[in-house]
Amino acid sequence: QVQLVESGGGLVQAGGSQRLSCAVSGRTFRPYAMGWFRQAPGKEREFVGGIIWSGGTTYYANSVKGRFTISRDKAKITVYLQMNSLEPEDTAVYYCAADERVVRPREYAYWGQGTQVTVSS
């Protein structure tokens, strides 16, 4: 079994920053890629960004490009989402996901339980 556990959510003021973490535990797991998604109330889950594990290549949704940064700690099998210049529109439950296969982000097999990020105006 593979478990993904997010942490770092909470309440932050607009313009502020927050960092989310997602740690992988369970059986030996070597991801091909890990990603972050978010879901705001009444909206569909949205892809935020991802990282190719081996080389560290990152890619982002246009809505967060330039404000959010994804990084990883290979030894800890942990991925991070650094969020800067937060806006009320960033309020959502944030999920991390991962897969060992080369699949599209929405097809990732393993998902965390989500962590709430609330940005106040």
Side-chain angles (χ1 to χ4, degrees):
Q1 279 284 36
V2 175
Q3 293 85 38
L4 277 63
V5 179
E6 302 100 336
S7 60
L11 177 65
V12 62
Q13 287 191 332
S17 298
Q18 198 155 34
R19 189 175 85 151
L20 305 182
S21 301
C22 174
V24 179
S25 63
R27 64 166 174 83
T28 299
F29 184 72
R30 291 183 176 84
Y32 168 74
M34 294 188 70
W36 288 95
F37 296 74
R38 67 185 181 184
Q39 188 166 20
K43 294 188 177 181
E44 292 189 354
R45 189 170 295 187
E46 172 190 24
F47 175 72
V48 174
I51 184 166
I52 305 301
W53 199 253
S54 60
T57 300
T58 55
Y59 46 102
Y60 302 92
N62 287 334
S63 58
V64 305
K65 200 173 294 183
R67 299 188 298 124
F68 290 11
T69 303
I70 294 173
S71 61
R72 74 199 183 325
D73 184 324
K74 296 180 78 172
K76 296 180 179 179
I77 316 182
T78 298
V79 65
Y80 303 97
L81 179 65
Q82 177 66 44
M83 304 182 290
N84 299 329
S85 302
L86 282 162
E87 304 166 353
E89 293 74 24
D90 296 316
T91 295
V93 177
Y94 284 72
Y95 300 88
C96 71
D99 207 305
E100 298 161 297
R101 306 168 298 163
V102 181
V103 296
R104 290 175 291 184
R106 292 190 179 276
E107 299 173 356
Y108 288 165
Y110 304 103
W111 291 77
Q113 81 288 351
T115 186
Q116 176 71 47
V117 173
T118 302
V119 184
S120 63
S121 58

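- Under the side-chain hydrogen bond (donor to acceptor under 3.5 Å, both in side chains) criterion, Ser120 pairs with no residue, sequence neighbours left out.
- For the residue pair Asp90 and Ser85, the shortest heavy atom distance occurs at OD2-O, 4.4 Å.
- The list of disulfide bond (SG atoms under 2.5 Å apart) pairs with a residue in residues 57-86, not counting sequence neighbours, is empty.
- Residue Trp36 is not grouped with residue Tyr95 when hydrophobic side chains (ILVMFWY) are merged at heavy-atom distances under 4.5 angstrom, including chains of intermediate members.
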List the atom pairs, donor and acceptor, that lie under 3.5 Å between side-chain atoms in residues 70-83 and the rest of the protein, sequence neighbours left out.
{"from": "Arg72", "atom 1": "NE", "to": "Trp53", "atom 2": "O", "distance (Å)": "2.7"}
{"from": "Arg72", "atom 1": "NH2", "to": "Trp53", "atom 2": "O", "distance (Å)": "3.1"}
{"from": "Arg72", "atom 1": "NH2", "to": "Ser54", "atom 2": "O", "distance (Å)": "3.3"}
{"from": "Asp73", "atom 1": "OD1", "to": "Ala75", "atom 2": "N", "distance (Å)": "3.0"}
{"from": "Asp73", "atom 1": "OD1", "to": "Lys76", "atom 2": "N", "distance (Å)": "3.1"}
{"from": "Lys74", "atom 1": "NZ", "to": "Ser54", "atom 2": "O", "distance (Å)": "3.4"}
{"from": "Thr78", "atom 1": "OG1", "to": "Lys76", "atom 2": "O", "distance (Å)": "3.1"}
{"from": "Gln82", "atom 1": "NE2", "to": "Asn84", "atom 2": "OD1", "distance (Å)": "2.9"}

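- Closest heavy-atom contact between Ala14 and Ser121: CB-CA, 4.2 Å.
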Taking only distance into account, with no hydrogens and no angle test, what donor-acceptor pairs under 3.5 Å do side-chain atoms of residues 43-51 form with protein atoms, sequence neighbours excluded?
{"from": "Glu46", "atom 1": "OE1", "to": "Arg38", "atom 2": "NE", "distance (Å)": "2.8"}
{"from": "Glu46", "atom 1": "OE1", "to": "Arg38", "atom 2": "NH2", "distance (Å)": "3.4"}
{"from": "Glu46", "atom 1": "OE2", "to": "Ser63", "atom 2": "OG", "distance (Å)": "3.3"}

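- Transitive grouping of hydrophobic side chains (ILVMFWY, heavy atoms separated by less than 4.5 Å) brings Val103 and Tyr59 into a common cluster.
- Between the side chain of Gln113 and the backbone N or O of Val5, no donor-acceptor pair lies under 3.5 Å.
- Listed here is the closest heavy atom pair of Gln18 and Val12: OE1-CG1, 3.7 Å.
- Using a 4.5 Å heavy-atom threshold, the side chains of Tyr110 and Val24 count as separate.
- No side-chain donor-acceptor contact under 3.5 Å links Glu6 to the backbone of Leu20.
- Contact between Gly114 and Val93 at its shortest, heavy atoms only, is CA-CG1, 3.8 Å.
- Although no hydrogens or angles enter the test, the distance criterion places no donor-acceptor pair under 3.5 Å between the side chain of Gln116 and the main chain of Gly9.
- Note: Phe37 and Trp111 meet the aromatic proximity criterion, with ring centroids under 6.0 Å apart.
- In this structure a side-chain-to-backbone donor-acceptor pair under 3.5 Å is missing from Thr115 to Tyr94.
- Of all the heavy atoms in Tyr108 and Gly35, the pair that sits closest is CE1-N, 3.7 Å.
- Remark: Glu100 pairs with Arg27 by the side-chain hydrogen bond (donor to acceptor under 3.5 Å, both in side chains) rule, at least two apart or across chains.
- The side-chain hydrogen bond (donor to acceptor under 3.5 Å, both in side chains) test applied to Arg104 returns Glu107, not counting sequence neighbours.
- Residues Phe68 and Ile52 do not share a hydrophobic cluster, defined by chaining ILVMFWY side chains whose heavy atoms lie under 4.5 Å apart.
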